[in-house]
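Have a look at the structure below, then the notes.
Quick note: residue numbers are just sequence positions, from 1. In this text, all values refer to a predicted model and were calculated from it rather than measured experimentally.
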Amino acid sequence: MIEILTPAEVDLARETGALVADILQAMKSRATVGTNLLDIDQWTKEMITEAGAESCYVDYAPSFGRGPFGHYICTGVNDAVLHGLPHNYELADGDLLTLDLAVVRNGVAADAAISFLVGESRPAESVAMIETTERALAAGIAAAGPNAKIGDISYAIGRVLTDAGYPINTQFGGHGIGSTMHQDPHVPNMGRPGRGFKLRPGLLLALEPWIMKDTAELVTDDDGWTLRSATGCRTAHTEHTIAITENGAEILTLPSR
């Protein structure tokens, strides 16, 4: 299903997007050396509840996961790039942490992800990976004009990633979003311009460039959820929810302050 939101629903999406961004920034500030991933999950639960919102993850049980996710935020460390299941792990200096969060409030969902380094260590390759996903996301957003097509976004994202030398996996990528978290259309991180669904005002998309340093192959962790790089290399993932407008794309998942 491809859902086109009304202007009033887009207004609600702005509120949900700001909440998602605020929670991610709060968790980033708390994610210091020694912080346990389970604490991040609990703090996220508290902020979602206090805001009168609902988690998109707790009861989420798609075909690629093992039963309901059962947690409130995805926490991927180093080689874990997608669907990182929070577990009993204390963050170390130099860890590359990805936080991915989706919530629904007033009937509209928003989804975003950030990657960052914990502590004082700044490995150059990790910094470059994070910056590359951010540049790819910016390129995808810039390509999301009202007369563009999904392929234009995918091409813009993929061009940045491949020019930087990273392999691309197209199994998981961006997606439509609205009253539910995952909708059509699929937005792969590589594509051909001029192809696919034509963008329309009121369409919401979650764009999410993600990369693994030296492989395009994923493996599923023993927890049945966490997706890791097949070689154990580091990974990075950045995501925004955007709304297509008459004038271009509006980023909805920006902090409120």
Considering all heavy atoms of both residues, which atom of [X] and which atom of [Y] are nearest to each other, and what is their separation?
X	Y	result
Leu203	Pro185	CD1-CD, 4.4 Å
Ser115	Leu96	CB-CD2, 4.0 Å
Lys213	Cys233	N-SG, 3.4 Å
Val103	Cys56	C-SG, 3.5 Å
Leu24	Ala113	CD1-N, 4.1 Å
Ala156	Ala139	CB-O, 3.6 Å

Q: Could you walk me through whether Asn78 and Thr235 pass the side-chain contact (heavy atoms from CB on, under 4.5 Å) test, one step at a time?
A: CA-CA 6 Å; Asn78 297 331; Thr235 66; over 6 Å; no
(Q) With side-chain contact (heavy atoms from CB on, under 4.5 Å) as the criterion, how do Leu99 and Thr75 come out once you've worked through the C-alpha distance, each side chain's angles and the decisive distance to 0.1 Å? (A) CA-CA 5 Å; Leu99 300 177; Thr75 56; 3.8 Å; yes
**Q.** Proximity of Tyr57 and Tyr72 rings by center, below 6.0 Å
**A.** no
Q | Proximity of His83 and Phe69 rings by center, below 6.0 Å | A | no
Q. Step by step, would you call Asn169 with Trp210 a side-chain contact (heavy atoms from CB on, under 4.5 Å)?
A. CA-CA 8 Å; Asn169 175 300; Trp210 60 273; 3.3 Å; yes
Q. Members other than Val104 in its cluster, when Ile, Leu, Val, Met, Phe, Trp, Tyr link by side-chain heavy atoms under 4.5 Å?
A. none
Measuring only between side-chain heavy atoms, which start at C-beta, is [X] closer than 4.5 Å to [Y]?
X	Y	result
Cys74	Leu82	no
Leu117	Val127	yes
Leu218	Thr220	no
Glu250	Arg14	yes
Gln183	Ile2	no
Ile244	Arg200	no
Tyr155	Ile153	no
Val187	Leu207	yes

Common cluster, [X]/[Y], ILVMFWY with side-chain heavy-atom separation under 4.5 Å:
X	Y	value
Met190	Leu205	yes
Val58	Met47	yes
Leu97	Ile114	yes
Met181	Phe172	yes
Leu137	Val81	no

Would you say the side chains of [X] and [Y] form a donor-acceptor pair under 3.5 Å?
X	Y	value
Glu208	Thr238	no
His240	Thr253	yes
Asp214	Thr231	yes
His175	Asp111	yes
Asp41	Thr44	no

Please confirm whether the backbone N or O of [Y] pairs with a side-chain atom of [X], one donor and one acceptor, at under 3.5 Å?
X	Y	answer
Thr98	Ala236	no
Asn189	Gly173	no
Ser154	Pro188	yes
Asp79	Arg234	no
Arg122	Gly94	no
Asp184	Met1	yes

**Q.** side-chain contact (heavy atoms from CB on, under 4.5 Å) evaluation trace for Val77 with Leu37
**A.** CA-CA 9 Å; Val77 181; Leu37 298 181; 4.0 Å; yes
Q: Step through the shown structure and confirm whether more than 12 heavy atoms of other residues, nucleotides or ligands are within 6.0 Å of CD on Glu125.
A: no
Q. Side chain to side chain donor-acceptor pair (under 3.5 Å) between Asp95 and Tyr89: does it pass, once the steps are laid out?
A. CA-CA 11 Å; Asp95 275 346; Tyr89 174 80; 2.8 Å; yes
Q) Is the Phe64 ring parallel, tilted or perpendicular to the Trp225 ring (thresholds 30°, 60°)? A) perpendicular
Q: Can you spot which of Asp39, Asn36, Thr35, Val33 makes a side-chain contact (heavy atoms from CB on, under 4.5 Å) with Leu91?
A: Thr35
Side-chain atoms of residues 16-23: list all donor-acceptor pairs with protein atoms under 3.5 Å, sequence neighbours left out, distances to 0.1 Å.
| residue | atom | partner | partner atom | Å |
| --- | --- | --- | --- | --- |
| Thr16 | OG1 | Leu12 | O | 3.2 |
| Thr16 | OG1 | Arg105 | O | 3.4 |
| Thr16 | OG1 | Val108 | O | 3.1 |
| Asp22 | OD1 | Ser256 | N | 2.8 |
| Asp22 | OD1 | Ser256 | OG | 3.3 |
| Asp22 | OD2 | Ser256 | OG | 2.6 |

Less than 3.5 Å apart, which donor and acceptor atoms pair up between the side chains of residues 144-151 and the rest of the protein, not counting sequence neighbours?
none

